[in-house]
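The block underneath contains the structure these notes are about, expressed in structure tokens.
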Amino acid sequence: MRSALNETSPENIALMDGDVHFTYGELARRIDRMAGGLLAGSRDLYEKRVAFLVPASVDYVIALHGVWRAGGIAIPLNVASTEPEWEHCLTSAGVTQLLTTEATRGSIQRLCDRLSIPLALVHEVATDPPAALPDLAPERGAMIVFTSGTTSKPKGVVTTHSNIAAQINTLIDAWAWQSDDVIPLFLPLHHVHGIINVLSCALWAGATVHMMPKLDLGRLCDQVANNVFTVFMAVPTIFVKLIDYLEALEDERSELICEGFSNMRLNVSGSAACPIEVFEGWRRLTGQVLLERYGMTEIGMALSNPYVGERRPGYVGQPLPDVSVQLIDEAGALVTEEEMPGEIRIKSPTVFREYWGDAEATTSSFKDGWFCTGDIAVFEDGYYRIMGRSSVDIIKSGGYKLSALEIENKLLAHPDVAEVAVVGVADRTWGEAVAAVVVLKGNAGMTVASLKAWCDGELSPYKIPKQLKVVDELPRNAMGKVTKPSLKTLF
Ligand code: MLC
Ligand code: AMP
């Protein structure tokens, strides 16, 4: 893979960063200069891990592609994380260099100094590229994305150049990406939805991406009303927020924006279950029939409603090309009958190589060569429907996958907390909201506000509990294990 950047029309606009545009030709030159600077005279970075803390901007793309081009493994960090969270990523992945910007340097400089990781600003690194950049075998590691799971700390998912190429190609074909597409990118750029489905597909197709460092509904809708975009991709929470926003506007303005959405060729929802009310609400307002798809950091996208054909509300469609799907029941047998639930297992060229530095977790996540997703689905009348997850310890809030165990471990460090259990409770906006059930020490008191204040700087804002119940004791089963499903009824 050269660098996953379309090379057929160098004069086409690849990126809009605020009011400034960058053509494909200009971007390719900047990426090569970045690669040259990272190589600093050596021939190849040989999978050296280079992390970057860069907001959505042209610098982000230069950092990501520059590392790829130089043969390193790119590790995009969450700009909203806290120092302990970054420290886990940097140390567990053995990061040896960090790239950042003037705006973000202040928040990570102290950590890099403490960990003795050299830090550089993206624009300072670039030099003249060497005559030859390394030739990259497809099976070489390209990226590590950190994802939460059933373990306390997030795991680093390593994808190869070949995995990334397969993840992009399958979507380009399935959703008919074209070089005249224009898409807004407001999703976080440390997860595959933003990195692969939006940014990488667009840059491979030769399309234009509008980089937005933050979701700003007003500014976004101004551009939608001006018919700037042809494709729109978001998580269900964003469609909920948009529906509320549009319904609160005066009729004339709302109609203009809805027409802008209606004129697009494709609106996609994913990363969490799209409630049928949201699917219907969006169709009522904009006329767009949302295309819902299902994916995961470890596998890219696996199931999708059709681009042409029936998009069924509440369903995630069929396997994408080259993706094989099995449902396995609790007894470990292949589900062969319709309407019988089973765990989704995947075999596909899109499936990741390994969890970085965790051979045991890698091995145990595969059975007979199939990746075990932990998601439960049924197959009904030609379409898959996601029913939930096998683990109560995984919470999906606003599209982010959160580990209840990670949040519990942090809350246990609170001086007044004796015991704690964290669960996800149904929430109209977030899908699931983080809720904590706490047993306090002695006569201590606690409110949601005081808990939130304590969590500030310890946990990324979206992991901080939104609801709290103080109880005398946690309900446990005969084995002494907290019965989490029963806790959800407290809220
Ligand atoms: C923000 N907040 C959240 C939250 N996002 N709370 C819970 N869950 C979330 N996801 C809280 C903040 O802590 C803050 O709380 C308040 O909301 C306002 O913060 P904000 O940053 O201004 O919110 P907003 O910009 O509106 O962010 C909402 C969002 C964002 C939906 C745009 O969460 C988002 O970008 N989510 C997408 C995540 C994603 O891309 N996932 C894909 C993973 S890959 P307070 O208390 O301080 O006011 C994957 C595979 C696949 O899943 O299939 O795609
Ligand atoms: P992540 O680990 O952040 O990549 O999140 C992947 C998880 O998001 C999957 O394992 C599912 O649980 C969930 N997910 C993604 N898309 C959908 C969808 N369309 N419906 C339901 N859950 C989804």
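Each ligand, and each atom within it, is numbered from 1 in the order the structure gives.
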Requested in this report: For Arg389 and Glu432, run salt bridge (Lys or Arg N to Asp or Glu O under 4.0 Å): C-alpha distance rounded to whole Å, both residues' side-chain angles, the deciding distance at 0.1 Å, then the answer.
Outcome: CA-CA 13 Å; Arg389 284 179 295 273; Glu432 286 179 296; 2.7 Å; yes

inquiry  = Could you go through Glu360 and Tyr355, starting from their C-alpha distance and side-chain angles, then the distance that decides it, and tell me whether this counts as side chain to side chain donor-acceptor pair (under 3.5 Å)?
reply    = CA-CA 9 Å; Glu360 202 181 312; Tyr355 292 115; over 6 Å; no

- Before giving the answer on ring pair (Phe, Tyr, Trp, His ring centres under 6.0 Å), spell out for Phe261 and Phe239 the whole-Å C-alpha distance, their side-chain angles and the decisive distance to 0.1 Å. CA-CA 12 Å; Phe261 278 109; Phe239 288 104; 7.8 Å; no

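Leu249 CG to Asp244 CG: the interatomic distance, rounded to the nearest 0.5 Å, is 11.0 Å. Here the straight-line distance linking atom CG of Leu53 with atom CZ of Arg105 works out to 12.0 Å at 0.5 Å rounding. Atoms CD and OG, from Gln288 and Ser269 in turn, are 12.5 Å apart once rounded to the nearest 0.5 Å.
Protein heavy atom nearest atom 5 (N) of ligand 1, with residue, atom name and distance: Trp430 CZ3, 3.5 Å. When hydrogens are left out, the protein atom nearest atom 20 (P) of ligand 1 is Lys214 NZ, 3.5 Å; that is the closest non-hydrogen contact. Looking only at protein heavy atoms, the nearest one to atom 54 (O) of ligand 1 is Ser271 OG, 2.6 Å. For atom 33 (O) of ligand 1, the nearest protein heavy atom (residue, atom name, distance) is Tyr400 CE1, 3.6 Å.
At a distance under 4.0 Å, no protein heavy atom can be found next to atom 27 (O) of ligand 1. For atom 18 (C) of ligand 1, no protein heavy-atom neighbour is found at a distance under 4.0 Å. Distance check on atom 47 (O) of ligand 1: every protein heavy atom falls at or beyond the 4.0 Å cut-off. Counting only heavy atoms, the protein gets under 4.0 Å from atom 8 (N) of ligand 1. Distance check for atom 50 (C) of ligand 1: a protein heavy atom is found below 4.0 Å. Distance screen at 4.0 Å: atom 35 (O) of ligand 1 has a protein heavy-atom neighbour inside the cut-off.
Residue contact annotation: Gly270 has no non-hydrogen atom under 4.0 Å from ligand 1. Contact analysis puts Arg293 in contact with ligand 2, with a non-hydrogen atom separation below 4.0 angstrom. No heavy atom of His191 sits closer than 4.0 Å to any atom of ligand 2. Taking a 4.0 Å cut-off on heavy atoms, Asp375 registers as neighbouring ligand 2.
Shown here for Gly399 and Val235, the closest heavy-atom pair between the two residues is CA-CG1, 4.2 Å. Closest of all the heavy-atom pairs between Phe366 and Thr362 is CD1-O, 3.2 Å.
Every atom of ligand 1 with a heavy atom of Met301 under 4.0 Å away is listed here by number and element: 51 (C), 53 (O), 54 (O). If you number the atoms of ligand 1 from 1 as listed, the ones under 4.0 Å from a heavy atom of Arg293 come out as 51 (C), 53 (O), 54 (O). If you number the atoms of ligand 2 from 1 as listed, the ones under 4.0 Å from a heavy atom of Val316 come out as 19 (N). Distances below 4.0 Å separate heavy atoms of Thr237 from the following atoms of ligand 1: 31 (C). Against a heavy-atom cut-off of under 4.0 Å, Gly295 is close to the following atoms of ligand 2: 6 (C), 7 (C), 9 (C), 15 (C), 16 (N). Set against the non-hydrogen atoms of Thr297, the atoms of ligand 2 under 4.0 Å away are 1 (P), 2 (O), 3 (O), 4 (O). Heavy-atom contacts of Gly295 reach the following atoms of ligand 1: 53 (O) (cutoff under 4.0 Å). Near Arg389, with a cut-off below 4.0 Å to any heavy atom, the atoms of ligand 2 are 12 (O). Within ligand 1, counting atoms from 1 as listed, the ones closer than 4.0 Å to a heavy atom of Val192 are 44 (S), 50 (C). Listed by atom number, the atoms of ligand 2 under 4.0 Å from Glu292 heavy atoms are 18 (C), 19 (N), 20 (N). Within the listing of ligand 1, atoms 10 (N), 33 (O), 36 (N), 37 (C), 38 (C) sit less than 4.0 angstrom from a heavy atom of Gly398. Close contacts of ligand 2 with Thr147, meaning ligand atoms under 4.0 Å from a residue heavy atom, involve 2 (O). Which parts of ligand 1 touch Pro461 is read off a 4.0 Å heavy-atom cut-off, strictly below it: atoms 13 (O). Per-residue contacts place Ser397 under 4.0 angstrom from the following atoms of ligand 1 (heavy atoms of the residue considered): 7 (C), 8 (N), 9 (C), 10 (N).
Here the side chains of Phe146 and His190 are not in contact, with every heavy-atom distance at 4.5 Å or above. Looking only at side-chain heavy atoms (C-beta outward), Leu242 and Cys221 come within less than 4.5 Å of each other.
Remark: ligand 2 and Tyr294 share no N or O pair separated by less than 3.5 Å (distance only, no angle test). Between Gly399 and ligand 1, an N or O atom pair is found at a separation short of 3.5 Å. Checking only distances, Lys401 does come within under 3.5 Å of ligand 2, N or O to N or O.
Closest to atom 44 (S) of ligand 1 by heavy atom, among Lys401, Lys466, His191, Lys463, is His191. Among Lys241, Glu432, Lys396, the residue whose heavy atom sits closest to atom 52 (O) of ligand 1 is Lys396. In this structure, of Ser271, Pro154, Ser148, the residue bringing a heavy atom nearest to atom 15 (C) of ligand 2 is Ser271.
A donor-acceptor contact closer than 3.5 angstrom links the side chains of Tyr462 and Asn78. Side-chain N/O atoms of Ser57 and Asp17 include no donor and acceptor closer than 3.5 Å. Donor-acceptor pairing under 3.5 Å is recorded for the side chains of Ser460 and Glu85. Side-chain atoms of Trp175 and Ser304 include a donor-acceptor pair closer than 3.5 Å.
Contacts with ligand 1 closer than 4.0 Å are made by no heavy atom of Asn197, backbone or side chain.
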